[in-house]
Each structure stands twice: as C-alpha cells, then as structure tokens.
Amino acid sequence: MIPDKNLKYSKDHEWIEVDGETAIVGITNYAQVQLGDIVYVELPDIGMRADKDEAICAVESVKTAADIIAPLSGEVLEVNAALDDNPELINEDPYVAWIMKIQMDDITEIESLLSEDEYANFCENEG
Amino acid sequence: MSKLIFEMSRPGRRAFELPETEIPQKSSAELFNSKSLRKSDARLPEVSELDVVRHFTELSNRNFGVDTGFYPLGSCTMKYNPKINEKVASFEGFTELHPHQPADSVQGALELMHDLETYLAEITGMDFISLQPSAGAQGEMAGLMVIKAYHDKRRDTARTKILCPDSAHGTNPASAAVAGFDIINVKSNDRGMVDVDELRKLSGEDTAGLMLTNPNTLGLFEKDILEIAEIIHDCGGLLYYDGANANAILGQTRPGDMGFDVVHLNLHKTFTTPHGGGGPGAGPIGVKERLHAFLPVPWIEKTGDKYEFNYDKPDSIGKVKSLYGNFLVLIRAYAYIRTMGKEGLKQVSENAVLNANYVLARLKDAYDVPFGDRCMHEFVISGEKQKEMGANTLGIAKRLLDYGYHPPTIYFPLIVKEAMMIEPTETESKETLDDFVDALLKINAEIEEDPEMVNTAPHTTVVRRLDEVHAARHPVLKYDFPE
Amino acid sequence: MHRYIPNTESEKKLMMEQIGIQSIDELFSSIPEEIRHGDGSILPPGMSEQELIVHMRELAMKNISAYDLKCFLGAGTYDHFIPTAVGALTSRSEFYTAYTPYQAEISQGVLQAIFEYQTMVCELTGMEAANASMYDGVSATAEACAIALVTARKRNKIIVSASILPETREVIKTYMNGRDVVLLEIPFKDGETDYDALEKTLDDNTVAVCIQSPNFFGIIEDMDRVGEMIKDAGAAMIVNTDLLSLGILKPPSEAGADFVVGDAQPLGNPMAFGGPHLGFFATSGKYIRKMPGRIVGETVDTEGEKGYVLTLQTREQHIRREKATSNICSNHALNALASTIYMSLVGKEGIKEVALRCANNARYTREMLIKTGKFSDLFGKPFFKEFAVKADTDIKILNEDLHKLGYIGGFNLEKKFPWLEGGWLVAVTEKRTKVEIDDFTRLAGDAV
C-alpha cells in the first residue's frame, strides 16, 4: 500500500500527518501486517495527555497486542470512533484509518520524526 | 452441534430435592427487607437429572484428554493421571475437612502435607517448601516476592530488575511485573542457551535475580548453569528456577545443587495431578535456608509426633492463598511420589528423555531441527521447510487432529519460527511414538503433494477450524436468553 | 518395569539404536558431573496400589471431618450438600485429564461447559461478562483491585472494608505489595462497614472500594448506599459475595458494582481443607477486555457451525508477557465444571430453595441459642446463612467441648478480632436438621 500523502513516520511504525498545529496519527502498513487481523482498538480518551515516546493506547489482534507510542507530545483532540465497531478498517487501509488527532505542544518535535525514505530504510533493517 | 443446557430447559422440571424439614420455613419476603431481594429469578436451567447427565456426558464426548489419546504438548508434561490418585483424593477424611478445624482433628492432613514438603525438598535440593501457591504462576509470583523481600530486608533497594531469557514462558515476565520488577530480556545464543557473555554484561547491582528453566523451553540443558549461578550470585542477585521442565531431571540432578535459591514446581505437570481442562493445579515453592524467613504463612511445625500450623514469621511475604494450598491436588502428588518411590522417579526422567530423543531421531530428516539432534525430555522442531512448501505449523497442528492426536505446543518458544514443541513423556509406549511420527511424516508428504488439505484442516473433528478473529472482534461471552 | 512406564528392555534397545547411543546415561551427559545426583535420596521405596490404599486410609483416619461431625463452622468455607451427579460427571476422564482448551476443535466439551458457567455467573451477579474461573475468591478480589488500579490513571488509593473475609484483606496486601498503591482499611461498626468513615475517606484519589456482602459476619451490607458514595467519587466498586445468596438476594450489579467476585465453593465443591475452591470474576463495560485469565467466547467454524473458543487472549500472560495485567495461566476449570453441573442440577427453583433453607436454618439456630439464655446477638443485623452471637465464655473451650460431643462449632472471633471476646460466628447450611440444631444448641447452652 502506498500512502498518498506527504507523511512523517516514527520508529514505532506510526505515520503522522501534520495539519497546522494538529498531528493526525495512525499505524503503517508494516505494523498492520505484523499484527494480523485487528480485533480491537483501545482508543485514548479525548482530552488525554500524549507524552512523546510513551504508550498512549493499544491495538489488539488475535495473536498479539501492541502499544501505540505517542510520537509527539500534546493533547488528544479527536479519536476515530469508527474503529470501535470496525477495527478491521486499519487492516483494509492503514493510511486512511487514522487513530487519533493530537494538538501539538511543540511543533519542533516533528524534526525528530523520519521521512518516507528514512522509514523505508528502517523497516528493511528491522526485517 | 450440542445444545446449551439453557436450551434444554422446560419450566417446572427438577433435578434436585431438599429433604422435608420440621424447622419453620419462612419465605424470602418474610425474612428479608424487600429492597434486599431479587426482583427476577436467575435463569438457571430447569432440567431433569437425566438431562444434566446426558448433556455433560455428550460434552465429555466432544473433549480430548490424556485418557483419550496421545498429548505431546511441549512444556505441559501430559503424562498418565493414575486412577488410584483420584480414589484416595476422594476419601471423606480428606474432602470433608474444614480448613479452620483445630489442629488435633486434622493430624493426618498435616502429616501428609509435612511429608510432601520433605519429599519435594529432597527432590529439588532445597531447604524449605511452601505448598500454598495454587499454580505455577502463583508460585512464581510468591517466589519473586520472596526475592524482593530478601533484598528489601537488606535495604538493597537498587535491585529492581529481573532477568529473563527470551525463550521463557510468558508467566515469567508477567509474574515478575506483578511482583513489581522491571524485566530485562537475555538473548539466547545460537545454540539455544543463555548467552553467558550477554548475561555478564546485563547483571549488576540492579539485578534482583535471574529466572531460568532448566532444561530450558527448547528442551536443552543449560550446561553453563554453574557459571550462570556464579555470575548472578557474584553480583548479589538470586537465582529462580521455573520447575515446568522438572520431568527431565527427577533423580538425575537437582536445582538446589545447580545453585538455585528459589524453585517452583508444577504438580500438575511433573507430579501427574490432572490438568482438569485448565486447572486446578498447584505450584509449591522451595527456598534455600537464607530465604526461609520470607515464605508465606502458615508453615507446618512438627514437634515430636504432633503437627501444628505456625503463623509466627514476621518477615513473611504474607498469604498468597486464603488457606493452605490446593489440598486435594497435593494429595494426588503425594500419592504419586509414594507410588513411584526413589527408583521409580529416576526411571521417569530416564524414559521421558529417551522417548523424546527417539521421536526427535525419527523426525529430524523431514522437519527442521534448529538446535541439534539431542534433547532432554522435549524438543522443538520448526515448520519452516513446510512453510516454504505452502503450509505452516498451524496447519500441521490442525491436521494432526484428523489423525487423532492432540497437537504439540505451537508457536512457542517465540525465538523459533513456526515452532512445534514436542514432549512425549515416559508413560507412552514405543508404538504410540512410532504412530505419531508416522502421522507427522504423512502430513509432510501431504504438504509436498498438495498443502491445501493441511491448510484447511481439521476435517474430521466435530467442528472445523474456528474463527478466532470473529470471536475477538465481536465477543459473545454468554448465552443470549430469548425474551 | 514400573506399571506407568511401558518401555521394555528390548524396546529401549531399539530406541537407543535409532538415536545412536549405547546407554541412556549418554543422554544426560550435558549435566555437569559435579551436580549429577548421588544415590543418597531419602525418598522411600515405591508402593503397590494395595499398600498405597492402606497407607492413605490410615492418614485419612487420623482426621475427624464434617463427615463424622456436624459442622456449624463457616468463615469463608461451607458445608453444603453436593448432589451425586456432580462427582460422577466431573470424574469423566475426558474432562479431568484434558489440558487447557487451546485446541478448540477437540475441546468443545470443556469450552461449552465454561461458556455455560460464564452465563450462570452473569445471571446470578447481574454483570455482563464473567471469566472462566480464578483460583479462589481472595485472589479474584485482589486481581479486581489490580485491574482497577491499572485502569484508573493518576489515582492510587484502594479502600478495603474490615468487614470482608480477613484472608482476603491479607491476600490483597500481598498482591499489592510492590505496586504504587496506598491501601486503606475502613473499620466495621456493629458488624457492618462503617459507612460514615467510608464516605469521609473516599476522594478523587480513590481507585476502588472493596466490600463484601454477605460480609464475614454473615451480614447483608447496604450496597446501594455504598454504591452511591463510590459513584460520586468516580471510583470502582468491587463487591465480594456468595453466589448462593444471589439466588434470592439482589445482585450487586443493581447497586452499581463494577466487579463482582468471590468464592463459589458452596456451589458443588467440597470444603477440602481449603482447596481447591473456585474464584469467580464478573464485570461489565470497559473492564470486560481487561478481565484476567481465560474467557470463552462463541464463534463459528469454516462451515458456519456454532462453536466455542478461548478468546480475548491478548490480555493474557502468554502474549502480553510483562505487560499483562495478571500472570494467571492455569485456573480452576474443573471446579468451575463442578459448579456448572451443580447449578444445572439445583436449577432456577432449587437455588432459591437451598438459599432459603440455609437462611431459615440459620435463623432457627440463632433463636435456639438465644433461648438457652447463654447467648445474645453480637450485632443484631440482617444476615444470610451465618450470624455472630456472644457468650460469657472461652469460645475455644466451648468448641473443644462440642467437638467431643459430635459438633464442629462456630468460628472463634477473638482469633481475628481480639476485642470480640466470647464472639462466636455460626454458619448453618441446608444440611443441618432440626434434631441436630436442637441438640447442638442445647449442648452449647449447657457447656457455657
């Protein structure tokens, strides 16, 4: 699957779309393939604090559960409620099925994220 | 497909009767304030006794136990559960004991438990035993709490880390987390054993202890155990033994002699107490002298001929279980040890290890054997070759069901891809082992021909492959009563 | 050759040839010489079945049990009647020699039985979901505390009422040791949770409150009142209860319980000197996916046939490892099966009848004890099947006297609460007859 936006990435296999002061966060194709059929997304609460590099919520598949690590610090503005009933949307199109929107504290944190090429390299070395 | 017991209900049917009584009987409305009472009845079944008996008999026919067939589950030690153990554990002199009866009315029970402690201490080479934990996991938690209490008592509060091999059973890190530790994973080397140099680097002043199974979960004996013990002890840590694989070493060597400070045993594995469809088990722990003060209370004190419960242990970690342990499970383990005796237990490990090596020897050409062709009581093979041919370990396991076998443990340990862990145990005959090997070889041949048969297995069981994704996405965890 | 080990000498030879060794000893060569076990084991030699039965019989006969004496002792473990079909069915070896039902296709028997068990626990407790069993009521309560703690962010106080079973309090302490939590105990007043003290202690740092009803003294607590307070504080309500009492009493779900836990030993499992008993664990809403232990769910197979599987396993230790909220692996499945069969046998009407019989028998016993003029109510509150009286005597001696006369007397409350001298906690189940109760109470009165 090829994402059609100019996205940033984290080493925890999240994609981040920057929209002004808001960061939209989801998980990458690599992550959803590793997880297998996703059965549940434990969405964060709206208004919750996201602390960079700390676990904020979780995604469960039949065979494993993975913490989602907040790639940036800020406040959770919105969550994708569609994932409550249809967690499989993430398997179907991981770059459309966003998980949460964060109001960033510090926009310079974006610089610590990976570009598309850097992320592709990172995945190759992991595998 | 079997009806649920609720679907068999018919209003007015009964399977139970209380005796008549001369004691005046009031109704619930007369006895209790209306706001304390239920407004509507709990919808328990209304069936006859024969309904109940037929229903659960039918369910038993849709289940597979050791008595049904071969059960080579690695790490579970599915050996024969002797019937005599069931009989003696059902004596009313045991089952009808109330736990708070005074000690002099339960001397037989206390004697049994005390002697069991003595035997388990002997078998493990430890100094003191507590029979309290209900299962291996609870034993681990208790054992780790003992380790924590030991360090806390010495005010050595820097020791926050427990080291665990990456091949360890999931309960090891989970128990350590529950006991309040951080977990450090120790990588295995390419021979499947603890990487001693890694270990040396990782151990230090923050090491509370190392948890090890020996033989490890690959069925290999950690040859460097004495060096490993030295490394941990030198840095001030303690060594914890996960007794899940004790079947390999009964009468051959003892964790106490290897240098372990704390041990737990799984009585429902090595000591043949039945698995019960998931439990109950028992996970007694053993410790060396210096940790004795921290064991759970009460302990059984013998003075002359009399036995008593003693609660005087100020540094104890407390209770992990409300009472003394899973007594009816302990009885079965005791009866087994008395049946086998010193010589019998040695034969257990000899034959368990012989059987495993025999099965490995016959399988090693058709299946990948990642860690050499010698093992202890269990071994791990990989379905990687078969994966390249279009099948996988899951399919092989499900296809074994069609051949009448319970599959081995699959996808564990995590460090082997497409893992299949096989533990035959000593109670199986050579014919059974040969037939099982033949089935696995046939399945391999099927995969070479056309893997689809294997990928869509099982075909002959009462239900076909069940959709676990559906179950997890839309959980239905109880019967939906019609309105 | 031992009767449990089939390998004959000739078979062993054949196997050794296949492996390529001369002796079995070679297979143990990876064990360092220094730790190869000597022959100094003190274990006794093995026994034949004949000898073992005689020996076990001797041990059993050194005990005097509720089989020989009439039991009026409770305090968390109860002498209830177990219908014969329970044991007959649980001793089917397809059940008791089976492993955990991870291979669902050949374990539909156990899985369906547990699904039925989960349903029955939900019916009685009024909660949305129940798990496949825990070790016992005390660990179930402790685990509920752990789940509540992990779920409540930024709070770390857990309140426990002193009117719950003392062993539960002790085990909660053990389980919470090593976690970042403050455990606070609320005293009891007149045999019940001190509700005013509870209200004062509740705050926005409270994770959960643990209460028990019927409580350790047999008294039915005011769960509605407690539920209101806890809700206002935004904390979790953990109620430990007796499933049998829920045959007639209001389920804790109606008071707003978040977790309903306890020990289901009274339903089909023997007293067994304390174990194995049966922990049940039921919850609703956001906690369902956090329940510890195994859970059975309904699903379909590839042909659309209904079947059962273990589900929501990603919470469990074998997947989450150090991130699991609980380390539980083995549970008490066979005891859950026994309770399921028991609940099927007594059924919708029977469970009410048993509960009522216990309540009536207990009331009659209390009346007769008070009539002797030697006993008075210790608390005088509404109770289920157990009640506390007091007498001007040493309860230890009273129990010793009654023991000689054929009775296991009630719990000596002074053992757990030193200021309750002369306090006697008496439990009366459906097994006790008028003759027994009349005799017991008369003898108790005489002995004081």
Side-chain angles (χ1 to χ4, degrees), chain B residues 15-16 22-23 28 42 44 56 59-60 62-67 88 91-93 95-97 99 105 107-108 134-135 137 170 173-175 177 180 183 221 253 257 274-281 318-319 322-323 326-327 341-342 344 358 361 429-430 461 463-464 466 471 476-479, chain C residues 6 11 15 19 30 35 43 45-46 56 59-60 62-67 89 92-94 96-98 100 105-106 108-110 119 123 129 135 138 167 170 174 178 248 270 273-276 297-299 301-302 307 311 317-318 321-322 324 327 329-334 345-346 348 350 434:
Chain B
F16 176 79
E22 285 162 11
I23 297 171
S28 48
L44 296 186
F56 288 96
L59 289 186
S60 76
R62 293 155 69 88
N63 221 58
F64 188 99
V66 171
D67 281 10
V88 299
F91 287 164
E92 282 101 358
T95 62
E96 303 308 297
L97 292 178
S105 67
Q107 289 292 298
S134 309
S175 302
I183 287 85
F221 192 86
T253 180
D257 300 330
H275 281 78
K319 283 176 156 292
S322 52
L323 298 154
N326 280 346
F327 181 63
K342 179 168 124 171
Y358 176 68
S429 68
K430 184 172 174 296
T461 47
V463 289
R464 303 281 170 275
L466 289 160
V476 174
L477 308 177
K478 63 183 163 108
Y479 177 60
Chain C
E11 284 167 341
M15 289 163 71
I19 299 167
S30 49
I35 54 173
L43 291 179
M56 298 304 289
L59 279 175
K62 288 183 187 173
N63 302 322
I64 308 169
S65 73
Y67 193 64
L89 291 164
R92 291 186 73 84
S93 62
E94 296 88 340
Y96 80 84
T97 68
T100 306
E105 295 83 2
I106 51 170
Q108 289 299 291
V110 165
T119 306
E123 275 299 294
Y135 309 130
V138 308
E167 286 87 351
E170 288 170 49
T174 309
I248 52 179
F273 202 47
E298 191 184 286
T299 187
D301 73 0
T302 48
T311 191
Q317 48 74 27
H318 61 284
R321 295 173 73 90
E322 63 263 22
N327 69 338
C329 182
S330 289
N331 55 17
H332 278 204
L334 198 66
L345 289 167
V346 301
K348 178 156 162 278
K434 185 169 184 294

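None of the values given here were measured: they were computed from a predicted structure. Here is the naming used below: chain letters follow the sequence lines, and residue numbers restart at 1 for every chain.
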Checked Ser105(B), Gly341(B), Ser134(B) vs chain C; the most non-hydrogen pairs under 4.5 Å come from Ser105(B)
Among Ala60(C), Pro276(C), Gly274(C), residue most engaged with chain B (heavy-atom pairs, under 4.5 Å):
Pro276(C)
Report which part of Val88(B) has an atom under 4.5 Å of a heavy atom belonging to chain C: side chain, backbone, both, or neither.
side chain
If you take all heavy atoms of Glu105(C) and Arg464(B), which pair is closest and at what distance?
CG-O, 3.5 Å
Over all atoms of both residues, closest heavy-atom pair of Gly307(C) and Leu466(B)
CA-CD2, 3.9 Å
Closest non-hydrogen atom pair between Ala137(B) and Tyr135(C), with its separation:
CB-OH, 3.9 Å
So for Leu323(B), is it side chain, backbone, both, or neither that comes closer than 4.5 Å to the heavy atoms of chain C?
side chain
For Asp67(B), enumerate each residue passing the salt bridge (charged side-chain N to carboxylate O under 4.0 Å, His left out) test, keeping only those at least two apart in sequence or located in another chain.
Lys83(B)
For Pro270(C), is there any backbone N or O sitting under 3.5 Å from a side-chain donor or acceptor partner on Thr95(B)?
no
To the nearest 0.5 Å, what is the distance between OG1 (Thr119(C)) and CG (Leu44(B))?
10.5 Å
Find the one option among Leu89(C), Ile106(C), Val138(C), Ile64(C) whose heavy-atom pairs under 4.5 Å with chain B are most numerous.
Ile106(C)
For Asn63(B) and Val110(C), indicate whether the former's side chain and the latter's backbone hold a donor-acceptor pair under 3.5 Å.
yes
Of the listed Lys434(C), Gln108(C), Met15(C), the one with the largest count of heavy-atom pairs under 4.5 Å with chain B is Met15(C)
Below 4.5 Å, heavy-atom pairs only: which of Gly350(C), Gly275(C), Ser93(C), Ala66(C) has the largest tally toward chain B?
Gly275(C)
When heavy-atom pairs shorter than 4.5 Å are enumerated against chain C, which of Ser60(B), Gly65(B), Gly318(B) gives the highest number?
Ser60(B)
Using non-hydrogen atoms only, which part of Thr253(B) is less than 4.5 Å away from chain C: side chain, backbone, both, or neither?
both
Please name the pair of heavy atoms, one in Leu43(C) and one in Lys342(B), separated by the smallest distance, quoted to 0.1 Å.
O-CB, 3.7 Å
Options Lys62(C), Glu167(C), Met56(C), Glu123(C), ranked by heavy-atom pairs under 4.5 Å with chain B, top entry
Glu123(C)
Applying a strict 4.5 Å limit to non-hydrogen atoms, the region of Tyr479(B) in contact with chain C is both
Heavy-atom pair of closest approach, residues Glu92(B) and Ser65(C):
O-OG, 3.5 Å
Please report the closest heavy-atom contact between Gly277(B) and Ala333(C), naming both atoms and the distance.
O-CB, 3.5 Å
Who among Glu96(B), His275(B), Glu22(B) has the most heavy-atom pairs with chain C under 4.5 Å?
Glu96(B)
Interface residue of largest heavy-atom contact number with chain B, from Thr97(C), Thr100(C), Thr302(C), under 4.5 Å
Thr97(C)
If you count heavy-atom pairs under 4.5 Å between each of Ala361(B), Gly93(B), Gly278(B), Gly180(B) and chain C, which one has the most?
Gly278(B)
